[in-house]
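The structure appears below as structure tokens.
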Amino acid sequence: MAKIAFLGLGVMGGPIARHLAGAGHELTVYNRSVEKAATWAAAHGGRAAATPVEAAEGQDVVMSCVGRDADLEQVTLGPYGAFQAMRAGALFVDHTTVSAEIARRLDAEAGARGFLSVDAPVSGGQAGAENGQLSIMCGGSAEAMAAATPVMQPYAKRIVHVGGPGAGQVTKMVNQICIAGVLQGVSEGLRFAQAADLDLDKVFEAISGGAAQSWQMENRWRTMAEDRFDFGFAIDWMRKDLGLALAEAHRSGALLPMTALVDQFYAEVVGMGGGRQDTSALVRRLPK
């Protein structure tokens, strides 16, 4: 079993760290809110650290799940960043959804300091984290993946090594692009059915077994019809992710017209006060 430092105990990081502790690993945890780290350690064992560098001292693995590029940079390369304490031969695994640029930068820093790095954003939401059923898309060297895979298995239903440094983050952007398009289609289909005064249960029964079927339809059709939007992944975070995808497309020359349009639609929902509602609240901007 490994000695692991885990940085970031939010709605995703907290459950992931719990699965690691349940698998028998020895955890030292850090969170920007010191009280949250202490509460986690009291509930699940291990130790709470006051800074990322303290958490990383003497560990085999350092893992992070924070918010944005700036947060990740702070806990890794900042004045009290974990990279200062990581030993040669150790492993760094990042589950934050961030830019491919910072993922590549951290991989280069790790290499220069003699340890391994994997960018490993996840899909599956809070429920996937709680249930240990996350899909993990990974970028890094074959050596880094070989070290990281057994560590991630306690909370993963799928682990895929996509390519080199940054490839995991770019794949997560693909994931969010696809979700945005599907949710817009489900939103329009639902409102179209309502305008036609159709029985929504019968419509769902008729179309969900064919080519229109999707995870979003299976899990959000009824709740969208009932104006219930409290299912975890907030629009504010989705807009952050779509912004990363649009910026990466600008660098690569890819065209994302639908993604840019849905991002504008999400901005409208934020203007309606829906920034903390889940991504299915996209339907709110379409009148019933």
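Note that the structure is predicted; figures quoted are calculated from it, not measured.
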Heavy-atom distance under 4.5 Å between the side chains of [X] and [Y], does that happen here?
{"X": "Asp227", "Y": "Phe229", "result": "yes"}
{"X": "Ser99", "Y": "Gln169", "result": "no"}
{"X": "Gln126", "Y": "Phe233", "result": "no"}
{"X": "Leu183", "Y": "Ser280", "result": "yes"}

So with a 6.0 Å cut-off around [atom1] of [X], is the heavy-atom count from everything else above 12?
{"X": "Arg191", "atom1": "CZ", "answer": "yes"}
{"X": "Glu226", "atom1": "CD", "answer": "yes"}
{"X": "Gln74", "atom1": "CD", "answer": "no"}
{"X": "Phe265", "atom1": "CZ", "answer": "yes"}

Under the criterion side chain to side chain contact (heavy atoms under 4.5 Å, CB included), which of Ile136, Thr97, Val170 is the partner of Pro121?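 Of the listed options, the one satisfying the test is Thr97.
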Distance-only criterion, 3.5 Å: show the donor-acceptor pairs between side-chain atoms of residues 268-275 and protein atoms not counting sequence neighbours.
| unit_1 | atom_1 | unit_2 | atom_2 | d |
| --- | --- | --- | --- | --- |
| Glu268 | OE1 | Arg285 | NE | 3.1 |

Would you check if the side chain of Asn219 reaches a backbone N or O of Trp215 as a donor-acceptor pair within less than 3.5 Å?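 Yes; at least one donor-acceptor contact below 3.5 Å.
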Strictly below 4.0 Å, N to O, side chains only: are Asp119 and Lys172 in salt-bridge contact?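 Looking at Lys172 together with Asp119, the answer is no, because their closest N to O distance does not fall below 4.0 Å.
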Assess whether a salt bridge exists between Asp230 and Arg276, defined as any Lys/Arg side-chain N lying under 4.0 Å from an Asp/Glu carboxylate O.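 Arg276 and Asp230: not salt-bridged.
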Can you give the donor-acceptor pairs under 3.5 Å from side chains of residues 149-157 to other protein atoms, not counting sequence neighbours?
| unit_1 | atom_1 | unit_2 | atom_2 | d |
| --- | --- | --- | --- | --- |
| Thr149 | OG1 | Met145 | O | 2.8 |
| Tyr155 | OH | His95 | NE2 | 2.7 |

Listed pairs under 3.5 Å, donor-acceptor, residues 52-65 side chains, sequence neighbours left out:
| unit_1 | atom_1 | unit_2 | atom_2 | d |
| --- | --- | --- | --- | --- |
| Glu54 | OE1 | Ala50 | N | 3.3 |
| Glu54 | OE2 | Arg47 | NH1 | 3.1 |
| Gln59 | OE1 | Ile4 | N | 3.2 |
| Gln59 | NE2 | Glu57 | O | 3.2 |
| Asp60 | OD1 | Arg87 | NH2 | 2.9 |
| Asp60 | OD2 | Lys3 | N | 2.8 |
| Ser64 | OG | Asp94 | OD1 | 2.6 |

Roughly how far, to the nearest 0.5 Å, is the CZ atom of Arg222 from the CG atom of Leu200?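 Interatomic distance, Leu200 CG to Arg222 CZ, rounded to 0.5 Å: 9.5 Å.
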Distance check, rounded to the nearest 0.5 Å: Ile179 atom CD1 versus Gln176 atom CD?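 Going from CD1 on Ile179 over to CD on Gln176, the span is 4.5 Å.
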Compute both the distance and the angle, then confirm whether Arg113 meets the cation-pi test with Phe83: under 6.0 Å from the six-membered ring centre, within 45 degrees of the axis.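 No; the conditions do not both hold, so Arg113 does not lie above the ring face of Phe83.
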Applying side chain to side chain donor-acceptor pair (under 3.5 Å) to Arg284 and Gln277, what does each step give before you reach the verdict? CA-CA 11 Å; Arg284 288 184 58 196; Gln277 292 180 319; 2.7 Å; yes
